Amino acid sequence: MTETTPEAQRQREDTASLRQQLFSAGKRNEALSKTLRTARDELNRIKEEARRLTEPPNNWGTLIAVEESGLSADVIVGGRRMRVAVGPEVEPKQLRAGTDVLLSEGLVIIGTGSFAPVGSVVNVREFVDDTRILVGAPGDDEQVFILGEDLVDAGLRVGDAVVVDTRTHYALQVVEKPEVSSLLLEEVPDITYSDIGGLADQIGQIKDAVELPFEHPQLYTEHGLKPPKGILLYGPPGCGKTLIAKAVANSLADRTGAGQSRKTYFLNIKGPELLDKYVGETERQLRLIFARAREKASAGFPVVVFFDEMESLFRTRGTGKSSDVETTIVPQLLTEIDGVEQLDNVIVIGASNREDLIDPAILRPGRLDVKIRIERPDADAARDIFEKYLTAELPLHPSVLTGHETPAEAVSSLISFCVDRMYALSPENEFVEVTYADGAKEVLHFADFASGAMIHNIVDRAKKSAIKSLLETGERGLQPQHFEEAIAEEFSEHEDLPNTTNPDEWARISGRKGERVTHLRMMHLDTTRGAPAVPLESDIAEVYPNSDLV
């Protein structure tokens with residue numbers, strides 16, 4: 001074994017010491033390098049911050065046009081139109097007319113933005129050419145704006161609301177306004193002729209006037225006959241005028257196709273909603289309505305334009321008390337109906353409780369060709385209406401089913417009871433005594449003012465009474481007394497409705513025709529009128545011997 005000399009031992013110790021020093025120096029060097037790197041990064045950040053803070057401001061401008069070479073472009077900066085260079089870092093395809101661009105101190109395009117997100121909202125009145133539109137807001141002067149690139153192929157239409165930049169006169173984007181969306185064409189209504197009761201004759205007239213031209217257009221052409229342009233449905237309120245208009249749209253859809261091709265459009269226009277305080281705005285909206293109707297009709301789909309409360313818009317000219325807006329609204333409608341532009345596949349239906357207030361020029365043949373009066377339901381019509389709402393599927397009380405083989409027979413007897421109760425010429429059904437201008441007097445009963453809406457409400461009242469009885473007593477099902485109470489409540493609510501201060505006006509609104517009414521006297525009914533009269537008790541006892549009402 002080799003003996004270690006003192007010299008060798010000392011050399012090994014020196015070597016270990018040097019290694020330790022070298023390791024320590026490496027650690028210090030690494031820490032110093034890290035500190036230097038951090039200092040260099042901080043210095044670069046400070047230099048960049050100083051450069052950013054000291055560099056001149058950049059401008060934003062709106063791009064107007066780009067040269068074909070893509071090396072220069074026209075922009076508007078601070079209201080001035082300038083031609084500037086395009087920086088090499090900007091791709092020409094990124095430059096779109098109407099968008100914002102970033103300009104250097106030397107007015108060189110160094111970046112691109114998007115369309116301005118805000119601006120004024122105006123309506124498109126007409127197209128000047130493929131890239132320019134005439135716009136205007138209510139009460140403002142008309143102006144011409146240039147379409148942004150996104151709007152050129154966007155299918156922009158007259159009447160659409162667009163956001164515009166008034167500084168650059170660019171139209172930027174389309175927005176939906178409540179005014180315009182309220183005029184959008186609705187889909188097919190789900191009301192059919194079978195849902196309407198008591199109006200079989202009127203529905204027959206509607207079919208002859210509206211559906212024949214669509215079913216047999218070749219026969220109309222062969223005979224040189226044109227389909228009617230419009231129909232007026234008039235009569236007292238609540239008798240089904242709006243339901244008929246919706247059923248027309250549904251029926252036309254059935255005759256134009258099936259499945260996905262089954263389509264028609266129903267545009268429901270409420271007169272008061274169309275009136276606008278700005279001069280010319282109501283007429284503009286009328287033009288918009290018919291423009292949309294022609295647009296949809298040109299695709300071969302029938303369009304029904306329904307004017308509810310027609311007398312509120314198209315009153316006889318010269319009869320306005322506060323203003324004569326009808327002097328311009330009526331001619332606008334006449335122009336749309338029989339003007340230069342044809343109304344193919346478009347049928348105009350008007351509904352009114354006061355047809356005597358509508359301008360005669362609208363009602364003449366060639367405009368609203370067909371006039372159909374919707375009468376108040378008589379006993380037979382009332383039965384038909386009851387059958388729409390009172391069916392055998394409803395829960396019936398066992399006393400109602402007693403003596404009948406099927407629920408349908410029981411319901412038929414229950415309907416007969418309701419009709420007899422409503423149309424009985426008994427003292428408890430007396431409503432009002434009217435005095436005519438010639439001195440004659442007549443006592444009118446509640447049945448003289450019945451309507452489909454009233455019958456529907458009576459059935460709903462009876463159903464609510466049946467639900468309350470079930471919760472209170474546990475007895476399930478409709479009973480005659482539920483309908484007796486419903487009819488009594490419905491009649492009692494109408495006792496105070498007649499306008500005794502202006503009886504003739506009330507009579508016209510209610511649908512009464514003939515001699516002028518000069519006076520109304522409400523019939524004073526017995527305080528116990530809610531209970532049935534004696535003759536009716538015997539009838540109920542005969543039909544429903546187990547009823548609690550007897």
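For clarity, every value in this text was computed on a predicted model and none was experimentally measured.
At least one side-chain heavy atom of Glu283 sits under 4.5 Å from a side-chain heavy atom of Ile329. At least one side-chain heavy atom of Val348 sits less than 4.5 Å from a side-chain heavy atom of Leu368. Residues Val304 and Val210 form no side-chain contact, since every pair of their non-hydrogen atoms from C-beta on lies 4.5 Å or further apart. Counting heavy atoms from C-beta outward, Tyr193 and Ile206 have side chains that approach closer than 4.5 Å. Side-chain contact between Asp448 and Glu442: absent, with no pair of heavy atoms (C-beta onward) separated by less than 4.5 Å. Side-chain contact check for Ser352 versus Ile358: some heavy-atom pair is nearer than 4.5 Å. Between Gln202 and Ile196, the closest side-chain pair of non-hydrogen atoms is not below 4.5 Å. Proximity of Thr316 to Glu311: side-chain heavy atoms (C-beta onward) are nowhere separated by under 4.5 Å.
Taking the six-membered ring where the residue is Trp, Tyr389 and His456 present parallel rings, their angle staying beneath 30° rather than reaching 60°. Between Phe307 and Phe314, the ring-plane angle classifies as perpendicular under the 30° and 60° cut-offs.
At least one donor-acceptor pair closer than 3.5 Å links the side chain of His482 to the backbone N or O of Gln479. Remark: side-chain polar atoms of Asn429 are not paired, donor with acceptor, to backbone N or O of His445 under 3.5 angstrom. Using a distance-only test at 3.5 Å, with no hydrogens or angles considered, no donor-acceptor pair links the side chain of Ser412 to the main chain of Ala408. For the pair Arg367 (side chain) and Ala361 (backbone), a donor-acceptor distance under 3.5 Å is present. The main-chain N or O of Cys239 is never found under 3.5 Å from a side-chain atom of Ser451 such that the two would form a donor-acceptor pair. A distance-only check finds a donor-acceptor pair linking the side chain of Ser492 to the backbone of Ala488 [under 3.5 Å]. The closest donor-acceptor contact from the side chain of Lys241 to the backbone of Pro236 lies under 3.5 Å. At least one donor-acceptor pair under 3.5 Å links the side chain of Arg376 to the backbone N or O of Ala450. A side-chain donor-acceptor contact under 3.5 Å links Asp195 to the backbone of Thr192.
Scanning for ring pair (Phe, Tyr, Trp, His ring centres under 6.0 Å) contacts around Tyr423 gives an empty result, with sequence neighbours left out. Qualifying side chain to side chain contact (heavy atoms under 4.5 Å, CB included) partners for Ala200, counting only residues two or more places apart in sequence or in other chains: none. Glu433 pairs by the side-chain hydrogen bond (donor to acceptor under 3.5 Å, both in side chains) definition with Arg521, not counting sequence neighbours. Phe306 pairs by the ring pair (Phe, Tyr, Trp, His ring centres under 6.0 Å) definition with Phe266, not counting sequence neighbours. Partners of Glu375 according to the salt bridge (Lys or Arg N to Asp or Glu O under 4.0 Å) rule, which considers only residues two or more places apart in sequence or in another chain, are Arg373. Evaluation of the side-chain hydrogen bond (donor to acceptor under 3.5 Å, both in side chains) rule for Thr242 yields no partner, not counting sequence neighbours. Applying the side-chain hydrogen bond (donor to acceptor under 3.5 Å, both in side chains) criterion to Ser416, with sequence neighbours excluded, gives Arg383. Judged as a side-chain hydrogen bond (donor to acceptor under 3.5 Å, both in side chains), and not counting sequence neighbours, Glu472 has no contacts. For Arg364, the salt bridge (Lys or Arg N to Asp or Glu O under 4.0 Å) partners at least two apart in sequence or on another chain are Asp338.
Between atom CD1 of residue Ile349 and atom CD1 of residue Ile372 there is a gap of 9.0 Å, rounded to the nearest 0.5 Å. We find the CD1-OG distance between Ile191 and Ser251 to be 13.0 Å, quoted to the nearest 0.5 Å. Between atom CE of residue Met310 and atom CG of residue Asn353 there is a gap of 13.5 Å, rounded to the nearest 0.5 Å. One distance of note links CZ of Phe290 with CD of Gln332; it measures 9.0 Å at 0.5 Å rounding. Between the CD1 atom in Ile455 and the CD1 atom in Ile487 there is a gap of 9.5 Å [rounded to 0.5 Å]. Here the NZ atom belonging to Lys371 is positioned 7.0 Å from the CG atom belonging to Asp369, to the nearest 0.5 angstrom.
The minimum heavy-atom distance between Leu414 and Pro480, with the atom names listed, is CD1-CA, 4.0 Å. For the pair Val411 and Ala392, the tightest heavy-atom approach, listed with the atom from each and the gap, is CG2-CA, 3.7 Å. A pairwise comparison of heavy atoms in Pro407 and Leu396 identifies O-CD1, 4.0 Å as the closest pair. Listed here is the closest heavy atom pair of Val135 and Val124: CG1-CA, 4.3 Å.
The ring-ring contact (aromatic ring centres under 6.0 Å, His included) contacts involving residues 344-381 comprise nothing, where partners must be two or more places apart or lie in separate chains. A salt bridge (charged side-chain N to carboxylate O under 4.0 Å, His left out) check over residues 449-462, counting only residues at least two apart or in different chains, returns the pairs Arg461-Glu489, Arg461-Glu490, Arg461-Glu493. Applying the salt bridge (charged side-chain N to carboxylate O under 4.0 Å, His left out) test to pairs two or more places apart or on separate chains, none has a residue in residues 384-408.
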> Would Glu475 and Ser469 count as a side chain to side chain donor-acceptor pair (under 3.5 Å) if you check the C-alpha gap in whole Å, the side-chain angles of each, and the deciding distance to 0.1 Å?
Replying inline: CA-CA 6 Å; Glu475 294 186 4; Ser469 297; over 6 Å; no
>> I'd like to know whether Leu243 forms a side-chain contact (heavy atoms from CB on, under 4.5 Å) with Leu199, so could you lay out the CA-CA distance, the side-chain angles of the two residues, the decisive distance to 0.1 Å, and finally the verdict.
In response: CA-CA 11 Å; Leu243 286 179; Leu199 297 175; over 6 Å; no
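Salt bridge status for Glu336 with Lys229: absent, with no side-chain N to carboxylate O gap under 4.0 Å.
A distance of 6.0 Å or more separates the ring centres of Phe483 and Phe417.
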